[in-house]
Novice: 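Please find one structure pasted underneath; my questions will follow.
Residue numbers begin at 1 in each chain, while the letters A, B, ... track the order of the sequences. What you see below is based on every heavy atom in this structure, not just the backbone, and it leaves out hydrogens, waters and symmetry mates.
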Number of protein chains: 2
Amino acid sequence: MRTYFPVAMVSKNPDHSVEIEISEEISGLRMTRQRREVYRILQQQRNHPTANDVFMRVKDRLPNISLATVYNCLEALVQHGIIRQVNFDRESSRYCPNLSEHGHFHDATTGVIHDVSFKPGINLADVLDLPPGAIIDGVEVTLRGKLVTS
Amino acid sequence: MRTYFPVAMVSKNPDHSVEIEISEEISGLRMTRQRREVYRILQQQRNHPTANDVFMRVKDRLPNISLATVYNCLEALVQHGIIRQVNFDRESSRYCPNLSEHGHFHDATTGVIHDVSFKPGINLADVLDLPPGAIIDGVEVTLRGKLVTS
DNA sequence: ATTATAATTGGAATAGTTCTTGATATTGAT
DNA sequence: ATCAATATCAAGAACTATTCCAATTATAAT
Ligand SMILES: [Mn+2]
Ligand SMILES: [Mn+2]
Ligand SMILES: [Zn+2]
Ligand SMILES: [Zn+2]
């Protein structure tokens with residue numbers, strides 16, 4: 001059972017750009033300028049960017065930020081349960097701001113990663129033959145395939 | 001729908017050691033001495049070893065084999081659907097000879113990886129809200145947690 | 001203000017994996 | 001059996017995502 005905090009307030013401007021207010025502290029993690037901008041990008045660009053993707057985008061607002069800091073920020077956000085890290089095989093890690101329980105479908109044709117939720121009422125542990133005594137801390141469901149748009 | 005080939009014959013000797021006969025060719029892949037020994041180790045040591053684990057063990061029988069060759073063999077076996085590659089986050093890849101559809105439970109206490117099968121009659125695609133038109137080629141289910149042996 | 005603690009930066013280091021190149025082995029045809 | 005074509009292997013170099021390190025800067029506490 002996870003508790004969700006209202007970490008961000010989204011509002012639309014007249015010019016359709018999106019403003020995100022991010023509080024000073026989230027889940028006990030101090031929101032420095034770097035962490036705030038990294039988190040903002042994940043909120044806005046919800047296509048599971050890599051650390052390098054985030055690095056390139058964040059430079060618009062913080063030209064002096066380093067890639068190491070982006071990794072540090074992402075790790076801090078992951079550690080505090082504010083974002084999720086998503087891995088496909090041996091590819092670069094990707095990052096996801098969607099905290100609801102979901103899996104990932106990787107479309108081999110376009111490379112796009114789609115969030116996939118479980119059908120209502122489904123508990124993954126129920127459909128698996130777990131070893132007796134297993135306490136599940138985390139689940140990852142990854143799918144590969146194609147999206148046929150007939 | 002996957003077709004299974006009878007790739008190995010297992011027999012026990014009087015001294016309880018295990019002999020494995022591996023055919024000359026599997027799924028169109030030529031079984032060289034190196035590939036045969038790599039595959040034999042995966043069959044015998046069913047604890048999802050890393051490439052380096054396999055490398056260390058295979059040197060008993062092929063003292064001159066190189067790590068690159070172990071990687072090449074593992075890749076060839078994976079490519080031909082004879083074994084599976086298993087990844088946990090950013091850890092080293094592990095290899096699994098169990099071709100039946102199954103997931104992996106990683107016990108954080110012992111480090112042991114347990115194969116986890118789906119309950120009979122369960123089709124994972126049925127419990128997921130897939131994007132319309134999605135054709136699933138592969139599924140990966142990974143669990144982390146503890147095994148309480150009370 | 002001073003001091004202590006935490007975060008950031010840039011570059012070096014690490015580690016798993018892949019690539020390259022030359023040697024060896026295997027296959028298939030003569 | 002000989003030869004040419006192809007496949008595989010070995011050794012080490014190269015690659016790349018990520019982490020580590022040391023120095024600097026920012027923030028928090030007193
Ligand atoms: Mn990308
Ligand atoms: Mn190991
Ligand atoms: Zn996601
Ligand atoms: Zn397995």
Novice: Is A:Arg84 paired with A:Asp115 through a side-chain N to carboxylate O contact shorter than 4.0 Å?
Specialist: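 Salt bridge between A:Asp115 and A:Arg84, a charged N being under 4.0 Å from a carboxylate O: no.
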
Novice: Pick the nucleotide of DNA chain D nearest each of B:Arg35 and A:Leu67; which residue has the one closer to the 5' end?
Specialist: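 The 5'-side residue here is B:Arg35.
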
Novice: Strictly below 4.0 Å: does A:Tyr71 bring a side-chain N or O up to OP1 or OP2 of D:dT19?
Specialist: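 Indeed not, no polar side-chain atom of A:Tyr71 lies that close.
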
Novice: OP1 or OP2 of D:dT18 less than 4.0 angstrom from a side-chain nitrogen or oxygen of A:Ser93, does that happen here?
Specialist: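 For D:dT18, OP1 or OP2 has a side-chain N or O of A:Ser93 closer than 4.0 Å.
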
Novice: Has the side chain of A:Arg46 got a donor or acceptor atom that lies under 3.5 Å from a matching backbone atom of A:Gln43?
Specialist: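 Checked: pair present.
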
Novice: Below 4.0 angstrom from OP1 or OP2 of C:dA25, is there any side-chain N or O of B:Gln34?
Specialist: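 No.
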
Novice: Please classify the nucleic acid contact of A:Asn72 as base, sugar-phosphate, or nothing, using heavy-atom distances under 4.0 Å.
Specialist: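 Counting heavy atoms under 4.0 Å across all strands, the contact made by A:Asn72 includes a base.
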
Novice: Under 4.0 Å, heavy atoms only, any strand: does B:Thr69 hit a base, just the sugar-phosphate, or nothing?
Specialist: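 Result for B:Thr69 = base.
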
Novice: Quick one: does B:Arg144's side chain have a donor or acceptor within less than 3.5 Å of a partner on A:Val139's backbone?
Specialist: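 Not at all, since once roles are kept as given, no pair shorter than 3.5 Å links the two residues.
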
Novice: Classify the ring geometry between A:Phe105 and A:His114 as parallel (under 30°), tilted (30 to 60°) or perpendicular (over 60°).
Specialist: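 Tilted: the ring planes of A:Phe105 and A:His114 meet at 30° to 60°.
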
Novice: How would you label the contact of A:Asn52 with the nucleic acid (heavy atoms, under 4.0 Å): base, sugar-phosphate, or nothing?
Specialist: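 Touches nothing.
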
Novice: B:Cys73 or B:Arg90: which one's nearest nucleotide on DNA chain D is closer to the 5' end?
Specialist: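 Upstream on the strand: B:Cys73.
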
